[in-house]
Amino acid sequence: MPELPEVETVRRGLETLVAGTRIDAVEIRRDSCVRLLSGGPAEFSAQVTGLTLSRLVRRGKFLWAELAPTAGDDAPVLALSAHLGMSGQFRVHADAPEPHRHCRARFTLAAPDASALTLDFLDQRTFGYLHVEPLVPTPDGGPGGRGTPLPLLPASVAHIGRDALDPGLDRTAATRALRRGTRGIKQVLLDQTVVSGIGNIYADEALWLARVHPERPAHALTASSARTLLEAAREVMERALAQGGTSFDALYVDVNGESGYFSRSLEAYGRAGEPCSRCGSPLRRESIGGRSTHWCARCQRRWTARRAGPGS
DNA sequence: ACATCTGCCTGAGCGC
DNA sequence: TGCGCTCAGGCAGATG
């Protein structure tokens with residue numbers, strides 16, 4: 001599942017390969033991939049055709065291209081936004097191969113040197129989507145996300161919080177938000193309006209690293225453990241990004257390739273029954289809030305023990 | 001305002 | 001072998 005590090009890897013790939021290209025044609029191969037648009041595929045194609053992909057930007061797991069009238073133009077008029085959902089991928093080809101079975105949309109792009117490129121949006125499980133929409137001012141006045149200096153973001157992303165790797169994240173406010181409410185802390189971590197970019201895998205990893213039980217009520221976190229948790233989320237995603245960025249080949253932008261998953265060193269996710277690398281106790285797995293959740297019952301206590309004592 | 005539930009989907013992996 | 005079942009997951013929008 002593409003979470004922040006995977007989406008950032010895709011953003012960088014697209015930045016390298018398609019920034020500055022012009023959209024010459026769009027072929028929507030599955031209508032529902034543009035489901036946010038009332039006019040459907042026809043309106044989508046009409047709005048983006050002829051525009052140039054200027055900057056590639058990401059906030060959390062949301063990705064967009066600023067669309068400018070001409071190459072080199074700094075003033076975008078629209079955003080072409082994308083969410084990869086669970087299985088979305090972008091692939092860039094120097095030619096126009098037979099579309100993959102899961103290809104939902106195909107863009108024909110013209111590079112500045114007039115050569116043609118093919119950009120495919122693939123999505124096996126179809127939870128991802130493409131959208132064309134206006135850019136609106138960011139609520140805090142800072143840059144929209146990684147990849148742009150402009151304080152603009154797509155309207156549908158305006159409610160999404162800054163992510164754990166964003167230098168513009170207000171860490172004090174985020175820490176406070178992580179300690180609010182009765183929900184289990186894992187659910188709060190997955191809430192993209194608080195801190196964005198964290199999905200099921202990195203939520204488990206961050207909780208493991210910070211030694212916090214996934215079901216601890218948010219309000220029961222100390223300020224110190226909330227800070228530790230936020231820092232843990234940043235650290236695991238930074239580490240994954242450093243790995244995800246390496247397996248990159250020029251004309252193939254891989255989102256959720258198996259290699260990315262296997263090369264990643266996960267401590268908790270998917271390791272039920274295996275020993276915790278800190279304490280050796282077997283890791284547990286349970287469905288919490290409909291999400292498979294992995295944790296170490298010894299290192300990650302449901303409540304912070306006030307002091308050492310029997311039974312806690 | 002906050003929390004929970006439902007719908008959107010496909011394909012892998014399972015038991016029978 | 002093949003059928004039907006469950007599961008996996010993020011997000012928006014509705015409902016409590």
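Not measured: the values here are computed from a predicted model. All chains are named by letter (A, B, ...) in the order of the sequence lines, taking the proteins before the strands, and each is independently numbered beginning at 1.
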Listed nucleotide nearest any side-chain atom of Phe62(A), set dC7(C), dG11(B), dC11(C): dC11(C)
Between dG10(C) (P) and Asp123(A) (CG): distance, integer Å: 14 Å
From dG11(B), dC9(B), dC11(C), nucleotide with atom closest to Gln192(A) side chain: dC11(C)
Whole-Å distance separating the CG atom of Leu190(A) from the P atom of dA3(B): 14 Å
Gap between atoms CG and P, on Asp204(A) and dG10(C) respectively (whole Å): 10 Å
Side-chain donor-acceptor pairs under 3.5 Å in residues 167-176 of chain A, sequence neighbours left out?
| unit_1 | atom_1 | unit_2 | atom_2 | d |
| --- | --- | --- | --- | --- |
| Asp170(A) | OD1 | Thr172(A) | N | 3.2 |
| Asp170(A) | OD1 | Ala173(A) | N | 3.0 |
| Thr175(A) | OG1 | Arg171(A) | O | 2.7 |

Nucleotide dG11(B), atom C1' - distance to CG of Leu122(A) in whole Å: 15 Å
Arg180(A) side-chain N/O to dA1(B) phosphate OP1/OP2 under 4.0 Å: no
Proximity to the side chain of Thr182(A) - top-ranked nucleotide from dC7(C), dT10(B), dA3(B): dA3(B)
Heavy-atom closest pair, residues Leu84(A) and Pro2(A): CB-CG, 3.7 Å
Length of the line joining Leu189(A):CG and dC11(C):P, which is rounded to integer Å: 13 Å
Plane angle bin for Phe62(A) and His83(A) - parallel if under 30°, tilted between 30 and 60°, otherwise perpendicular: perpendicular
Short side-chain N/O contact from Arg291(A) to OP1 or OP2 of dC11(C), under 4.0 Å: no
Presence of His83(A) side-chain N/O under 4.0 Å of dC11(C) phosphate oxygens OP1/OP2: yes
Carboxylate-amine/guanidinium contact Asp123(A) Arg30(A), below 4.0 Å: no
For atom CD1 of Ile198(A) and atom P of dC11(C), their distance in whole Å: 11 Å
Contact under 4.0 Å: Gln124(A) side-chain N or O vs dC9(B) OP1/OP2: no
Integer-rounded Å distance: dG10(C) P and Tyr202(A) OH: 12 Å
Distance test, side-chain N/O of His159(A) to OP1/OP2 of dC11(C), below 4.0 Å: no
Distance in angstrom units between Ile160(A) CD1 and dG10(C) C1', rounded: 10 Å
Closest listed nucleotide, where the reference is the side chain of His102(A) and the choices are dC7(C), dG11(B), dA12(C): dG11(B)
Whether His102(A) and His100(A) hold their rings parallel, tilted or perpendicular, with breakpoints at 30° and 60°: tilted
Out of dT10(B), dA12(C), dC7(C), whichever nucleotide has its closest atom nearest the side chain of Arg104(A): dT10(B)
Selected nucleotide, minimal atom distance to Arg183(A) side chain, candidates dC11(C), dA3(B), dC9(B): dA3(B)
